[in-house]
S.K.: 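Below you'll find the structure I mean.
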Amino acid sequence: NRAHMAIVFLLACIGGALLSLFLLPDSTSVGASGGIVGLLGYITVYAFRRRRFISPEFRKGMLINIGSLLLFGLVLYNVVDNYGHLGGLITGAVYGVLQIPSDEYVDPRRARPVTKAFGLISVVIFVATCLVSVLLIANFR
């Protein structure tokens with residue numbers, strides 16, 4: 001459901017930023033890659049919770065992607081915010097564990113009206129953050 005995707009993305013951005021801020025308080029981190037990696041964590045949990053419907057190749061590919069991302073981050077540790085990525089990954093995976101039902105036949109895409117409202121709020125927050133960022137960048141030029 002689009003609401004869950006928006007919620008996962010926003011929470012993973014926040015989770016990645018918080019972990020990075022906590023572990024690297026003196027460094028600067030910019031971007032939404034923690035949110036993207038959070039979606040990767042969520043989809044990986046989905047693939048393993050729905051293993052009857054998701055191929056083993058897809059699940060293996062997800063784990064390879066996560067491993068490659070972590071390896072890539074280790075090689076470029078000077079320019080990549082690994083804690084931001086790790087925080088986003090953990091946040092997305094935790095949301096997946098909490099949101100995706102254990103019963104394979106319960107559709108995890110169903111969203112209650114409250115979830116849809118939170119999804120819309122997440123999109124509004126993200127768009128507002130993007131607009132403020134663009135305005136701040138424009139004022140610095």
S.K.: Can you check side chain to side chain contact (heavy atoms under 4.5 Å, CB included) on Cys130 and Val134, steps first, answer last?
M.R.: CA-CA 6 Å; Cys130 290; Val134 168; 5.5 Å; no
S.K.: Answer yes if Val123 and Leu131 sit in the same cluster of Ile, Leu, Val, Met, Phe, Trp and Tyr residues linked by side chain heavy atoms under 4.5 Å apart, and no otherwise.
M.R.: yes
S.K.: Taking C-beta and beyond as the side chain, do Ile43 and Phe58 meet within less than 4.5 Å on heavy atoms?
M.R.: yes
S.K.: Are Tyr42 and Ile100 side-chain neighbours, meaning at least one heavy-atom pair lies under 4.5 Å?
M.R.: yes
S.K.: Once rounded to the nearest 0.5 Å, what's the spacing between atom OG of Ser33 and atom CG of Leu69?
M.R.: 8.5 Å
S.K.: Would you say Leu86 and Ile66 are hydrophobically clustered, going by side-chain heavy atoms of ILVMFWY under 4.5 Å?
M.R.: no
S.K.: Under 4.5 Å between any side-chain heavy atoms of Phe48 and Met62, yes or no?
M.R.: no
S.K.: Determine the minimum heavy-atom distance between Gly119 and Ala6, stating which atoms define it.
M.R.: O-CB, 3.6 Å
S.K.: Can Tyr95 be reached from Met5 by stepping across I, L, V, M, F, W or Y side chains whose heavy atoms are under 4.5 Å apart?
M.R.: yes
S.K.: Looking at CD1 of Ile7 and CD1 of Ile121, how far apart are the two atoms once the value is rounded to the nearest 0.5 Å?
M.R.: 9.0 Å
S.K.: Minimum heavy-atom separation for Ser20 to Asp81, with atom names?
M.R.: OG-OD2, 2.7 Å
S.K.: Verify the cluster assignment for Leu70 and Val80: are they in a single hydrophobic cluster under the rule of side-chain heavy atoms below 4.5 Å apart?
M.R.: no
S.K.: Would you find a donor on one side and an acceptor on the other, under 3.5 Å apart, between the side chain of Arg49 and the backbone of Val97?
M.R.: yes
S.K.: Would you compute the distance between atom NE2 of His85 and atom CG of Leu19 and round it to the nearest 0.5 angstrom?
M.R.: 12.0 Å
S.K.: Could you go step by step and tell me if Leu10 and Ile125 meet the side chain to side chain contact (heavy atoms under 4.5 Å, CB included) rule?
M.R.: CA-CA 8 Å; Leu10 181 65; Ile125 289 170; 3.9 Å; yes
S.K.: What is the distance from atom CZ of Arg51 to atom OH of Tyr46, rounded to the nearest 0.5 Å?
M.R.: 13.5 Å
S.K.: With a 4.5 Å heavy-atom cut-off, do Ser122 and Phe9 have their side chains touching?
M.R.: no
S.K.: Whether the side chain of Gln99 engages the backbone of Pro108 through a donor-acceptor N/O pair (distance < 3.5 Å, no angle test) should be reported.
M.R.: yes
S.K.: Just by distance, do the side chain of Arg59 and the backbone of Ile54 share a donor-acceptor pair under 3.5 Å?
M.R.: yes
S.K.: Between OG1 of Thr91 and CG of Leu39, what distance do you get to the nearest 0.5 Å?
M.R.: 11.5 Å
S.K.: Is it true that Ile36 and Phe126 fall in one hydrophobic cluster, defined by side-chain heavy atoms closer than 4.5 Å?
M.R.: yes
S.K.: Could you state the interatomic distance from CG (Asp103) to CZ (Arg50), rounded to the nearest 0.5 Å?
M.R.: 7.0 Å
S.K.: Flag the pair Arg110 / Pro101 as yes when at least one side-chain heavy-atom distance between them is below 4.5 Å, and no otherwise.
M.R.: no
S.K.: Ring centroid separation for Phe53 and Tyr105, is it under 6.0 angstrom?
M.R.: yes
